[in-house]
> 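Okay, here's the structure, questions in a sec.
Note that these values count all heavy atoms, side chains included, but never hydrogens, waters or copies made by symmetry. Keep in mind the model is a prediction, meaning the values are calculated, not measured.
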Amino acid sequence: VTGLEIVVDLAAGLRGHVVDEAGRAVDGALIVGERIGPSAPAPVGSAAALVFGGATSLADGGFHLTGLPAGEPLRIVARKAGHAPAVTEVTLSAGAEREVELALPPAGTIAGRVVDAAGAASAGAIVTATPRGVPLAVSRAVAAADGRFVIGDLAGGVHDLAATGPADPTGATARGSRAEVMAPAKDLVITLGASGAIAGVVSAGARRVTDFAVRVVDVVPFGGAARRFLDEPRVLVSSVDGSYRLDDRLAGSYTLELSAPGHGVTVRTGVVVPPGGVADGSAELQEGATISGLVRDADSGAAISGALVTAQTGSTALAFSDERGAFSLVDVAPGRRGVVVSRPGHVTRIESVIVEAGGRASVAVALSRTRGDSVAFELAGIGAAVSMTEAGLVIGEVVARGPAEVAGLIAGDRLVSIDGLDPTGKSLGECVEALRGVVGTAVRLGVDRAGETFYRDVVRGTVRVDR
């Protein structure tokens, strides 16, 4: 083999100490790192968490984590029996190390009882408590013969509880949940209901698709629990009639991604699984498009090889630029797509491209070099983070002096339209893609602020985010 180039990202490290609430060293605490965003920026919460390594604190509380990914946000969690978890977020530079102190707060408990639909104790049910915003810090307990459970070592604050009963002779399980439980708490009752399923048929025009993949992205359980992003792999399906079925699903509203070779990714939102029922997860796939382009150095104009190219939405494919800087990304769903280009030593860039089903589009990407310890990404957009909440599509952080701030938008504004697109029923990724575009073009936003609706034309600009 000739002409092969291997691109290796330098890993980062983290040193520190674990202490208790009084500042005393804690021996034997387990420390792990969790990725809370993809290597290139994506809609808030759109990526499943990935756990890295682990270390145990020594007698002086000291620990050392190695092999951590650089240039992306990580959540570091320390746990020790008798204490609540300690959590901090960091972004590390390639080849460098940082020091942190993790202070374990006092522990709290949540106690209660798990019962079935008839009110009888559900012995052996598994109960989990997940603190809002910290999915890695999940704690578990098993219900006793009388259905009672106690989950200890919890931090104060809001937790979402979920319970799964033992499987019946047919293999089916019952599930239940309680949302927004403030720790400490006692005498809670979680009632189990029959789990459901998602089933459907995947087609492309008049043809059934026989080989495809399904991934469950997230679920909003019934009962007011927060949206849960699921770390589930794609399920590969080979079916002569294009049908599939996913059993043992908690009642709630799901988001699905379906894909197949030669086709783009189709996203289904609002797939509602009733207790003990079956939701229709059928999908119509469209022929995939191809995005080709060249990657060059923004300063010298030289071709950049080995750059990783992906689409933020609409495709599961990836590509690498060759010695000419050329790449070709296939199986991209039609619509506006963010093309993410990254290379060690350079600022990640997102370019917005519009493609049609079965069509081709091209894009030129110029990557700037990183300087010093700056880790950044660039894109053409409005300069505001958005998230999908119970109220709808809501603006979070606004970049200082960015297009959104210049147009008068503030955190907490709810977007009711994007160039005429109603965000209701759309995925977060679809909404983010609609907000992005070409520098200098405008996007008309319908905004609800405290019950008053108004419109703003926001001129997209180059947004650079340093981490």
> Rounded to the nearest 0.5 Å, what's the gap from CG on Asp331 to CD1 on Ile291? Could you check?
11.0 Å
> Among all residues two or more places apart in sequence or in another chain, which pass the side-chain hydrogen bond (donor to acceptor under 3.5 Å, both in side chains) test with Asp322?
Arg324
> Quick one: CG on Leu329 to CZ on Phe320, what's the gap to the nearest 0.5 Å?
11.5 Å
> Is the shortest side-chain heavy-atom distance between Arg456 and Leu409 below 4.5 Å?
yes
> Decide yes or no for Arg360 and Ser292: does some side-chain heavy atom of the first lie under 4.5 Å from some side-chain heavy atom of the second?
yes
> Would you name the heavy atoms of Leu285 and Ala260 that are closest together and state the gap between them?
CD1-CB, 3.6 Å
> With a 4.5 Å limit on heavy-atom distance, are the side chains of Leu435 and Glu433 in contact?
no
> Is Ile418 close to Leu393 at the side-chain level, that is, under 4.5 Å between some pair of heavy atoms?
yes
> For Glu284, does the CD atom have more than 12 heavy-atom neighbours from other residues, nucleotides or ligands under 6.0 Å away?
yes
> Val295 versus Phe327: any side-chain heavy-atom pair under 4.5 Å?
yes
> Quick one: does any side-chain atom of Ser417 pair with a main-chain N or O of Gly420 as donor and acceptor, under 3.5 Å?
no
> So, the side chain of Ser253 versus the backbone of Val272: is there a donor-acceptor pair under 3.5 Å, distance only?
no
> For Ile190 versus Ala163, what's the shortest heavy-atom pair and its separation?
CG2-CB, 3.8 Å
> Testing the 3.5 Å rule here: is there a donor-acceptor pair between the side chains of Asp160 and Thr130?
no
> Going by an N to O cut-off under 4.0 Å, is there a salt bridge joining Glu378 and Arg464?
yes
> For Ala289 and Val355, which heavy atoms make the closest approach, and how far apart are they?
CB-CB, 3.8 Å
> Please report the closest heavy-atom contact between Ala129 and Leu161, naming both atoms and the distance.
CB-CD1, 4.0 Å
> If you define the side chain from C-beta out and look only at heavy atoms, does anything of Val87 sit under 4.5 Å from Arg75?
yes
> For the pair Asp247 and Arg245, find out whether any cationic side-chain nitrogen is under 4.0 Å from an anionic carboxylate oxygen.
yes
> What's the spacing between Arg436 CZ and Leu379 CG if we round to 0.5 Å?
5.0 Å
> State, to 0.1 Å, how close Leu250 and Gly176 come at their nearest heavy-atom pair, and which atoms those are.
CD1-N, 4.2 Å
> Whether the Ser195 and Arg249 side chains hold a donor-acceptor pair (N or O, under 3.5 Å, no angle test) is what I'd like checked.
no
> Nearest 0.5 angstrom please: Arg336 CZ to Thr313 OG1, how far?
11.0 Å
> Examine distances only and state if a side-chain atom of Arg268 and a backbone atom of Ser282 form a donor-acceptor pair shorter than 3.5 Å.
yes
> What I want to check is whether the side chains of Arg208 and Ser203 have a donor and an acceptor closer together than 3.5 Å.
no
> Is the number of heavy atoms from other residues, nucleotides or ligands under 6.0 Å of Ile126 CD1 greater than 12?
no
> Heavy atoms only: give me the nearest Ala141-Phe149 pair and the separation to one decimal.
CB-CB, 4.4 Å
> Determine, stepwise, if the pair Ile304 / His346 fulfils side-chain contact (heavy atoms from CB on, under 4.5 Å).
CA-CA 10 Å; Ile304 295 178; His346 294 77; 3.6 Å; yes
> Does the pair Ser259 and Arg234 meet the rule for a side-chain contact (heavy atoms from CB on, under 4.5 Å), with working shown?
CA-CA 9 Å; Ser259 59; Arg234 291 187 300 156; 3.8 Å; yes
> Closer than 4.0 angstrom, basic N to acidic O: yes or no for Arg444 and Asp419?
no
> Could you walk me through whether Leu188 and Val181 pass the side-chain contact (heavy atoms from CB on, under 4.5 Å) check?
CA-CA 9 Å; Leu188 296 175; Val181 177; 3.5 Å; yes
> With rounding to the nearest 0.5 Å, note down the distance linking CD1 in Ile151 to OG in Ser139.
7.0 Å
> Just so I know, are the side chains of Thr441 and Val459 near enough to count as touching, which here means a heavy-atom distance under 4.5 Å?
no
> Report the distance from atom CG of Leu367 to atom CZ of Arg349, rounding to the nearest 0.5 Å.
9.0 Å
> Who pairs with Gln286 by side-chain hydrogen bond (donor to acceptor under 3.5 Å, both in side chains), at least two apart in sequence or on another chain?
none
> Decide if atom CZ of Arg207 counts as having more than 12 heavy atoms of other residues, nucleotides or ligands within a radius under 6.0 Å.
yes
> Any donor-acceptor pair under 3.5 Å linking the side-chain atoms of Arg337 with those of Ser315?
no
> Regarding Asp297 and Arg369, does a basic nitrogen lie under 4.0 Å from an acidic carboxylate oxygen?
yes
> Is it the case that the side chain of Ser122 and the backbone of Val115 share a donor-acceptor pair, with hydrogens and angles ignored and the cut-off at 3.5 Å?
no
> Are Val339 and Ile350 packed together at the side-chain level, in the sense that at least one heavy-atom pair is separated by less than 4.5 angstrom?
no
> Just by modelled atom types, is the Ser427 backbone N or O under 3.5 Å from a matching donor or acceptor in the Glu430 side chain?
yes
> Between Tyr244 and Gly281, is there a donor-acceptor pair closer than 3.5 Å when you use the side chain of the first and the backbone of the second?
yes
> Output, in order, the C-alpha distance, side-chain angles, deciding distance and verdict of side-chain contact (heavy atoms from CB on, under 4.5 Å) for Val267 and Thr269.
CA-CA 6 Å; Val267 178; Thr269 61; 4.1 Å; yes
